[in-house]
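The structure appears right after this line, and notes come after that.
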Amino acid sequence: MANYDDALKVMDAVAKYREDESLPNDPHEIDRLCERLFSNDGFDEIAIAWKRISKYEREVHGGDWPKAD
Amino acid sequence: MAKRIELYQEAAKRMAISPDACMEQIRRCSISSKFGYEGTDPASLAAIVGMDADWGAAAFAELRSTGFIKTDWARFKWYQPSGKQLDDKIAELAAIEAAAIIRLSSMDCAPALPVIRALAENFLEEADGGDTIGTSLAHNRMMLAIVSATGELRLMEDYVKHASLAVAYAVAARLEAADLEGMKRSANVIVDLIGTPEPRDCAAEAVAMRLHPREPVIA
(Lines give C-alpha, C1' and ligand atoms only; values in the text may rest on other atoms or scores of the structure.)
Protein backbone atom coordinates (compact mmCIF):
# COMPACT_ATOMS: atom_id res chain seq x y z
CA MET A 1 0.00 0.00 0.00
CA ALA A 2 3.02 2.31 0.36
CA ASN A 3 2.89 3.36 -3.29
CA TYR A 4 -0.83 4.18 -3.08
CA ASP A 5 -0.46 6.11 0.18
CA ASP A 6 2.46 8.08 -1.24
CA ALA A 7 0.54 8.83 -4.45
CA LEU A 8 -2.51 9.90 -2.46
CA LYS A 9 -0.49 12.38 -0.33
CA VAL A 10 1.27 13.83 -3.38
CA MET A 11 -2.03 14.05 -5.30
CA ASP A 12 -3.60 15.88 -2.37
CA ALA A 13 -0.70 18.35 -2.23
CA VAL A 14 -0.93 18.98 -5.98
CA ALA A 15 -4.73 19.44 -5.86
CA LYS A 16 -4.47 21.96 -2.97
CA TYR A 17 -1.74 23.90 -4.74
CA ARG A 18 -3.81 24.06 -7.93
CA GLU A 19 -6.82 25.22 -5.97
CA ASP A 20 -5.32 28.16 -4.13
CA GLU A 21 -1.51 27.85 -4.48
CA SER A 22 -1.23 26.74 -0.86
CA LEU A 23 1.79 24.65 0.10
CA PRO A 24 1.78 21.66 2.46
CA ASN A 25 3.22 22.02 5.96
CA ASP A 26 6.24 19.94 5.03
CA PRO A 27 6.94 20.25 1.29
CA HIS A 28 10.27 18.41 1.76
CA GLU A 29 8.25 15.35 2.75
CA ILE A 30 6.25 15.57 -0.50
CA ASP A 31 9.55 15.85 -2.40
CA ARG A 32 10.73 12.66 -0.68
CA LEU A 33 7.50 10.83 -1.50
CA CYS A 34 7.94 11.84 -5.15
CA GLU A 35 11.41 10.34 -5.20
CA ARG A 36 9.91 7.08 -3.93
CA LEU A 37 7.23 7.20 -6.63
CA PHE A 38 9.89 7.86 -9.27
CA SER A 39 11.88 4.86 -8.09
CA ASN A 40 8.88 2.70 -9.03
CA ASP A 41 7.96 4.57 -12.21
CA GLY A 42 10.17 7.22 -13.80
CA PHE A 43 7.09 8.72 -15.49
CA ASP A 44 4.72 8.81 -12.53
CA GLU A 45 2.29 11.52 -13.61
CA ILE A 46 1.41 12.84 -10.16
CA ALA A 47 5.09 12.92 -9.11
CA ILE A 48 5.92 14.84 -12.29
CA ALA A 49 3.13 17.34 -11.50
CA TRP A 50 4.56 17.93 -8.02
CA LYS A 51 8.13 18.11 -9.31
CA ARG A 52 7.12 21.01 -11.57
CA ILE A 53 5.42 22.84 -8.69
CA SER A 54 8.41 22.16 -6.43
CA LYS A 55 10.91 23.44 -8.97
CA TYR A 56 8.91 26.62 -9.58
CA GLU A 57 8.20 27.40 -5.93
CA ARG A 58 11.76 26.78 -4.78
CA GLU A 59 13.07 28.94 -7.60
CA VAL A 60 10.85 31.90 -6.73
CA HIS A 61 11.82 31.52 -3.07
CA GLY A 62 15.52 31.77 -3.78
CA GLY A 63 16.35 28.11 -4.25
CA ASP A 64 14.62 26.42 -1.32
CA TRP A 65 11.18 26.06 0.21
CA PRO A 66 10.02 29.03 2.29
CA LYS A 67 10.43 28.51 6.04
CA ALA A 68 7.17 27.66 7.83
CA ASP A 69 5.70 30.50 9.95
CA MET B 1 22.89 6.90 -23.71
CA ALA B 2 22.58 4.45 -20.82
CA LYS B 3 19.43 6.20 -19.62
CA ARG B 4 17.85 6.02 -23.09
CA ILE B 5 18.59 2.30 -23.37
CA GLU B 6 17.29 1.70 -19.86
CA LEU B 7 14.15 3.65 -20.74
CA TYR B 8 13.69 1.70 -23.96
CA GLN B 9 14.12 -1.64 -22.20
CA GLU B 10 11.70 -0.68 -19.43
CA ALA B 11 9.08 0.57 -21.91
CA ALA B 12 9.47 -2.45 -24.24
CA LYS B 13 9.18 -4.87 -21.32
CA ARG B 14 5.91 -3.29 -20.24
CA MET B 15 4.46 -3.55 -23.75
CA ALA B 16 3.17 -7.09 -23.32
CA ILE B 17 0.12 -9.07 -22.27
CA SER B 18 0.22 -9.68 -18.51
CA PRO B 19 1.12 -13.16 -17.24
CA ASP B 20 -1.35 -12.49 -14.40
CA ALA B 21 -4.85 -13.45 -15.64
CA CYS B 22 -6.55 -11.15 -13.12
CA MET B 23 -4.46 -8.20 -14.25
CA GLU B 24 -5.24 -8.96 -17.87
CA GLN B 25 -8.94 -9.15 -17.08
CA ILE B 26 -8.80 -5.77 -15.36
CA ARG B 27 -6.95 -4.19 -18.30
CA ARG B 28 -9.52 -5.42 -20.81
CA CYS B 29 -12.47 -4.39 -18.65
CA SER B 30 -10.91 -0.96 -18.19
CA ILE B 31 -10.52 -0.31 -21.90
CA SER B 32 -14.01 -1.55 -22.69
CA SER B 33 -15.34 1.05 -20.21
CA LYS B 34 -16.76 -1.53 -17.82
CA PHE B 35 -15.73 0.47 -14.76
CA GLY B 36 -17.56 3.70 -15.61
CA TYR B 37 -16.41 7.00 -14.17
CA GLU B 38 -16.14 5.93 -10.55
CA GLY B 39 -12.90 6.53 -8.72
CA THR B 40 -10.72 3.56 -7.80
CA ASP B 41 -8.30 2.47 -5.08
CA PRO B 42 -6.33 -0.71 -4.25
CA ALA B 43 -9.09 -2.22 -2.06
CA SER B 44 -11.86 -1.86 -4.66
CA LEU B 45 -9.47 -3.12 -7.33
CA ALA B 46 -8.73 -6.29 -5.35
CA ALA B 47 -12.46 -6.78 -4.70
CA ILE B 48 -13.25 -6.75 -8.44
CA VAL B 49 -11.26 -9.95 -8.98
CA GLY B 50 -11.49 -11.37 -5.45
CA MET B 51 -7.81 -10.99 -4.61
CA ASP B 52 -6.14 -9.88 -1.37
CA ALA B 53 -4.95 -6.44 -0.31
CA ASP B 54 -1.31 -7.07 -1.28
CA TRP B 55 -2.38 -7.96 -4.81
CA GLY B 56 -4.57 -4.86 -4.92
CA ALA B 57 -1.69 -2.59 -3.87
CA ALA B 58 0.76 -4.05 -6.39
CA ALA B 59 -1.85 -4.08 -9.17
CA PHE B 60 -2.85 -0.49 -8.45
CA ALA B 61 0.78 0.67 -8.80
CA GLU B 62 1.17 -1.29 -12.03
CA LEU B 63 -2.08 0.01 -13.53
CA ARG B 64 -1.00 3.57 -12.73
CA SER B 65 2.42 3.14 -14.32
CA THR B 66 0.93 1.54 -17.44
CA GLY B 67 -1.64 4.32 -17.88
CA PHE B 68 -4.85 2.42 -17.08
CA ILE B 69 -5.43 4.49 -13.94
CA LYS B 70 -5.08 8.25 -14.30
CA THR B 71 -5.12 11.14 -11.88
CA ASP B 72 -8.16 13.36 -12.12
CA TRP B 73 -7.78 16.41 -9.85
CA ALA B 74 -7.83 14.75 -6.43
CA ARG B 75 -8.85 11.18 -7.24
CA PHE B 76 -7.78 8.22 -9.29
CA LYS B 77 -9.99 7.22 -12.20
CA TRP B 78 -9.92 4.69 -15.01
CA TYR B 79 -8.45 5.68 -18.37
CA GLN B 80 -11.41 5.70 -20.74
CA PRO B 81 -10.58 8.01 -23.62
CA SER B 82 -13.34 9.43 -25.79
CA GLY B 83 -13.03 8.85 -29.54
CA LYS B 84 -11.65 12.37 -29.97
CA GLN B 85 -9.12 11.98 -27.15
CA LEU B 86 -7.85 8.73 -28.63
CA ASP B 87 -7.68 10.28 -32.12
CA ASP B 88 -5.53 13.08 -30.71
CA LYS B 89 -3.26 10.62 -28.92
CA ILE B 90 -2.82 8.52 -32.06
CA ALA B 91 -1.96 11.67 -34.06
CA GLU B 92 0.72 12.55 -31.46
CA LEU B 93 2.24 9.08 -31.72
CA ALA B 94 2.22 9.24 -35.54
CA ALA B 95 3.97 12.61 -35.49
CA ILE B 96 6.77 11.41 -33.20
CA GLU B 97 7.24 8.19 -35.17
CA ALA B 98 7.43 10.06 -38.51
CA ALA B 99 9.92 12.53 -37.03
CA ALA B 100 12.08 9.66 -35.77
CA ILE B 101 12.09 7.97 -39.18
CA ILE B 102 13.10 11.21 -40.93
CA ARG B 103 15.84 11.73 -38.32
CA LEU B 104 17.18 8.19 -38.83
CA SER B 105 17.61 8.80 -42.57
CA SER B 106 20.44 11.26 -41.90
CA MET B 107 22.36 9.18 -39.37
CA ASP B 108 24.05 5.83 -39.15
CA CYS B 109 21.42 3.61 -37.59
CA ALA B 110 22.87 0.32 -38.84
CA PRO B 111 23.40 -1.06 -35.30
CA ALA B 112 19.66 -0.65 -34.58
CA LEU B 113 18.38 -2.20 -37.81
CA PRO B 114 18.58 -5.89 -36.78
CA VAL B 115 16.42 -5.21 -33.72
CA ILE B 116 13.93 -3.14 -35.72
CA ARG B 117 13.69 -5.87 -38.37
CA ALA B 118 13.22 -8.57 -35.73
CA LEU B 119 10.43 -6.56 -34.11
CA ALA B 120 8.82 -5.98 -37.52
CA GLU B 121 8.89 -9.75 -38.07
CA ASN B 122 7.27 -10.21 -34.69
CA PHE B 123 4.64 -7.63 -35.66
CA LEU B 124 3.87 -9.53 -38.89
CA GLU B 125 3.51 -12.79 -36.96
CA GLU B 126 1.12 -11.20 -34.47
CA ALA B 127 -0.93 -9.62 -37.27
CA ASP B 128 -1.06 -12.96 -39.09
CA GLY B 129 -2.45 -14.48 -35.90
CA GLY B 130 -5.27 -11.93 -35.99
CA ASP B 131 -5.14 -10.91 -32.32
CA THR B 132 -5.66 -7.15 -32.22
CA ILE B 133 -4.14 -6.61 -28.76
CA GLY B 134 -1.05 -8.69 -29.60
CA THR B 135 -0.70 -6.79 -32.89
CA SER B 136 -1.09 -3.38 -31.28
CA LEU B 137 1.53 -4.25 -28.65
CA ALA B 138 3.94 -5.54 -31.31
CA HIS B 139 3.36 -2.34 -33.31
CA ASN B 140 4.29 -0.27 -30.27
CA ARG B 141 7.40 -2.37 -29.55
CA MET B 142 8.59 -1.88 -33.14
CA MET B 143 7.98 1.87 -32.99
CA LEU B 144 9.69 2.12 -29.59
CA ALA B 145 12.82 0.62 -31.18
CA ILE B 146 12.62 3.10 -34.08
CA VAL B 147 12.24 6.13 -31.81
CA SER B 148 14.97 4.85 -29.50
CA ALA B 149 17.36 4.37 -32.44
CA THR B 150 17.46 8.16 -32.95
CA GLY B 151 19.42 8.43 -29.70
CA GLU B 152 17.29 11.45 -28.73
CA LEU B 153 16.50 11.07 -25.04
CA ARG B 154 13.88 13.84 -24.95
CA LEU B 155 12.07 12.42 -27.96
CA MET B 156 12.14 9.01 -26.34
CA GLU B 157 10.81 10.39 -23.04
CA ASP B 158 7.93 12.12 -24.83
CA TYR B 159 7.17 9.01 -26.83
CA VAL B 160 7.15 6.67 -23.82
CA LYS B 161 4.79 9.07 -22.04
CA HIS B 162 2.30 9.06 -24.95
CA ALA B 163 2.68 5.42 -26.03
CA SER B 164 1.44 3.88 -22.79
CA LEU B 165 0.27 0.31 -22.54
CA ALA B 166 -3.28 1.57 -21.95
CA VAL B 167 -3.17 3.51 -25.23
CA ALA B 168 -2.00 0.35 -27.04
CA TYR B 169 -5.01 -1.53 -25.61
CA ALA B 170 -7.38 1.32 -26.53
CA VAL B 171 -6.02 1.35 -30.09
CA ALA B 172 -6.42 -2.43 -30.28
CA ALA B 173 -10.10 -2.12 -29.41
CA ARG B 174 -10.59 -0.22 -32.68
CA LEU B 175 -8.63 -2.53 -34.99
CA GLU B 176 -10.35 -4.92 -37.39
CA ALA B 177 -9.04 -7.61 -39.75
CA ALA B 178 -8.79 -5.17 -42.69
CA ASP B 179 -6.67 -2.84 -40.54
CA LEU B 180 -4.24 -5.64 -39.70
CA GLU B 181 -3.85 -6.49 -43.40
CA GLY B 182 -3.07 -2.86 -44.26
CA MET B 183 -0.66 -2.52 -41.36
CA LYS B 184 1.25 -5.62 -42.48
CA ARG B 185 1.80 -4.08 -45.92
CA SER B 186 2.92 -0.80 -44.36
CA ALA B 187 5.29 -2.62 -41.99
CA ASN B 188 6.98 -4.36 -44.93
CA VAL B 189 7.65 -1.01 -46.58
CA ILE B 190 9.00 0.41 -43.31
CA VAL B 191 11.43 -2.49 -42.94
CA ASP B 192 12.67 -1.99 -46.52
CA LEU B 193 13.13 1.77 -46.28
CA ILE B 194 14.09 2.47 -42.67
CA GLY B 195 17.51 4.06 -42.40
CA THR B 196 17.77 4.72 -46.16
CA PRO B 197 18.16 8.23 -47.58
CA GLU B 198 14.54 7.99 -48.85
CA PRO B 199 12.55 8.32 -45.62
CA ARG B 200 9.38 10.03 -46.90
CA ASP B 201 7.58 6.89 -47.99
CA CYS B 202 8.74 5.11 -44.86
CA ALA B 203 7.40 7.91 -42.64
CA ALA B 204 4.16 7.99 -44.64
CA GLU B 205 3.59 4.29 -43.98
CA ALA B 206 4.28 4.77 -40.28
CA VAL B 207 1.64 7.52 -40.23
CA ALA B 208 -0.74 5.31 -42.22
CA MET B 209 -0.34 2.52 -39.64
CA ARG B 210 -1.68 4.92 -37.02
CA LEU B 211 -4.18 7.14 -38.84
CA HIS B 212 -5.64 4.99 -41.63
CA PRO B 213 -4.28 1.48 -41.05
CA ARG B 214 -6.37 -0.26 -43.70
CA GLU B 215 -5.13 2.11 -46.41
CA PRO B 216 -1.34 1.95 -46.78
CA VAL B 217 0.16 4.80 -48.80
CA ILE B 218 2.30 2.97 -51.35
CA ALA B 219 2.25 -0.65 -50.20
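Worth knowing before you read on, the calculation uses all heavy atoms, side chains too, and leaves out hydrogens, waters and symmetry mates. All chains are named by letter (A, B, ...) in the order of the sequence lines, taking the proteins before the strands, and each is independently numbered beginning at 1.
- The parts of A7(A) that come within reach of chain B are both its backbone and its side chain, each placing non-hydrogen atoms under 4.5 angstrom from that chain.
- Within the 4.5 angstrom heavy-atom criterion, only side-chain atoms of D44(A), from C-beta onward, approach chain B.
- Note that NZ of K70(B) is 11.0 Å distant from CD1 of I46(A), once rounded to the nearest 0.5 Å.
- R174(B) CZ: more than 12 foreign heavy atoms inside a 6.0 Å radius.
- For I48(A), no part lies under 4.5 angstrom from a heavy atom of chain B.
- Using cut-offs of 30° and 60° for the angle between ring planes, the F76(B) and Y4(A) rings count as tilted.
- Around CZ of F38(A), the count of heavy atoms belonging to other residues, nucleotides or ligands within 6.0 Å exceeds 12.
- Two residues are said to be in side-chain contact when any heavy atoms from C-beta on lie closer than 4.5 Å; R64(B) and N40(A) fail this criterion.
- For the side-chain contact (heavy atoms from CB on, under 4.5 Å) test, residues two or more places apart in sequence or in another chain that qualify with F43(A) are D41(A), L7(B), E157(B), V160(B).
- Residues E45(A) and I69(B) come closest through the heavy atom pair OE2-O, 4.2 Å.
- Neither the backbone nor the side chain of L45(B) comes within contact range of chain A; no heavy atom of the residue lies under 4.5 Å from a heavy atom of that chain.
- One finds the CG atom of L8(A) at 10.0 Å from the OG1 atom of T71(B) (value rounded to the nearest 0.5 Å).
- Note on residues 150-173 of chain B: pairs passing ring-ring contact (aromatic ring centres under 6.0 Å, His included), not counting sequence neighbours, are F68(B)-Y169(B).
- Residues W73(B) and V14(A) form no side-chain contact, since every pair of their non-hydrogen atoms from C-beta on lies 4.5 Å or further apart.
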